[in-house]
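Written out below as structure tokens is the structure these notes cover.
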Amino acid sequence: MTYNFDEIVPREGTDAFKLELREMVFGADDVLPLWVADMDFKSPPAVIKALQDRASHEIYGYTIRDKKFTDSIVNWLNRQHQWEIKEEWIDFSPGVLPSIMVALHEFSEPGDKVIIQTPVYPPFYSIVSQNERELVKNTLVETDGYYTIDFDLLEKQASDPRTKIFVFSNPHNPVGRAWNKEELKRIADICIEHEVLIVSDEIHSDLCLFGHTHLPMANLFPEICDRIITCMAPSKTFNVAGLSSAYAIIADDEIRERFHKRLWAMQLHMGNLFGGIALRAAYNEGDEWLDALKKYLEGNALLVRDFIDENMPEVGFVLPEATYLLWLDFRSWGLSPIKLRKTMVEVGKVGMNDGVSFGTEGAGFQRLNIGSPRSIIQEGLQRILKVRNEVYKKH
Ligand SMILES: Cc1ncc(COP(=O)(O)O)c(C=O)c1O
């Protein structure tokens, strides 16, 4: 089957966050929306059909997630990530952030320390601080646009007895790293030694590009099973984020039971009827669509790389190992973060995520979402070039 990712699907009138919140976020409702992490592509045909079939029944009462739901996850992880899990390791959750929140509440106390690796997906900050835990920044090390981990710092931070949890992004949003085996091993060793629980957010795991593979940490090192909660979802992969359907995988009986009880105590266990339907259809029938999507995203990433090379070589950029989110480095333009954001919006009329929203390390960066038809990405690049022609006067 062929899939037409070039098709422009109008999203006006669908209450799309990406469109409707532009005025609030950018102060302008006419910027080209290349920000929040959903895609402008239709979901796979099998997902659309399953949802339409179920919608046509016309009764939408409470529903269960049965063996068909868990089987589809077991088989998906086996096919996509060579990870053999047991059905009973799966616990439903309405989202990856809710899974992280449940873990924070169950496995740490107010005032305890929680490590995150910055720059990082902004809700990692708020979920820790708004739940009254103390943030510990394990800042990533950037070398020519490529990010690695400061393990000495991580060791030091993990060894603090007040550090209870490490919220880990793998693959990492926004720096696009799919962490390799050596890196994962060092993290596992540190967290085992210092008894820190890893909450491994693997929401972008299906979106590895350019020959990179996702290595679920819990699969690589079974000895860490009582120290890790893996959080996954079909939402990024199949563009079904609005359906609130995710899951946690926990091999250790005691950790899983505690997680499960807390999830119920917080009344987060019910779920969304359509989310369950979409997950099953996507995982059972979405492999071919996903292969095509990844090829298309690689094409978009290469387009950005070639455009930058040709037209604005001073902009820093490395191809992502995973995700449809590109981390562009505009520091060479010499603008303050506020001025950079303002000119992108006012001169370019282009709405990317502002780098500083990912942490102070993001000053001078913008995150570009390439999950859109190529013509839209081309338009976005032209708009960025317009900004450059206006503000970059060094040459
Ligand atoms: C790293 C990461 N975690 C979690 C989420 C959100 O997950 P959910 O909508 O399932 O809570 C996102 C969305 O962009 C993300 O990038």
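Below, each value reflects all heavy atoms present in this structure, side chains not excepted, and no hydrogens, waters or symmetry copies. Read the numbers this way: they start at 1 and go in the same order the structure lists the ligands and their atoms.
Residue pairs meeting the ring-ring contact (aromatic ring centres under 6.0 Å, His included) criterion with at least one partner in residues 81-106, sequence neighbours excluded, are His81-His214. Residue pairs meeting the ring-ring contact (aromatic ring centres under 6.0 Å, His included) criterion with at least one member in residues 51-70, sequence neighbours excluded: Tyr60-Phe274.
Salt bridge Lys18/Asp38: present, at least one basic N to carboxylate O contact under 4.0 Å.
Note: Trp264 and His260 have tilted aromatic rings, judged against thresholds of 30 and 60 degrees for the angle between ring planes.
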List below, pair by pair, the N or O atoms of ligand 1 and of the protein that are less than 3.5 Å apart, including the distance to 0.1 Å; reply 'none' if no pair qualifies.
unit_1: ligand 1; atom_1: 3 (N); unit_2: Asp201; atom_2: OD2; d: 2.5
unit_1: ligand 1; atom_1: 10 (O); unit_2: Val96; atom_2: N; d: 2.7
unit_1: ligand 1; atom_1: 11 (O); unit_2: Val96; atom_2: N; d: 3.2
unit_1: ligand 1; atom_1: 11 (O); unit_2: Leu97; atom_2: N; d: 2.9
unit_1: ligand 1; atom_1: 14 (O); unit_2: Lys236; atom_2: NZ; d: 2.8
unit_1: ligand 1; atom_1: 16 (O); unit_2: Asn173; atom_2: ND2; d: 2.8
unit_1: ligand 1; atom_1: 16 (O); unit_2: His204; atom_2: NE2; d: 2.8

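Under the 3.5 Å distance criterion, the side-chain polar atoms of Lys164 are matched with a main-chain donor or acceptor of Pro161.
With sequence neighbours excluded, the residues forming a side-chain contact (heavy atoms from CB on, under 4.5 Å) with Asn284 are Ser72, Arg280, listed by chain and number.
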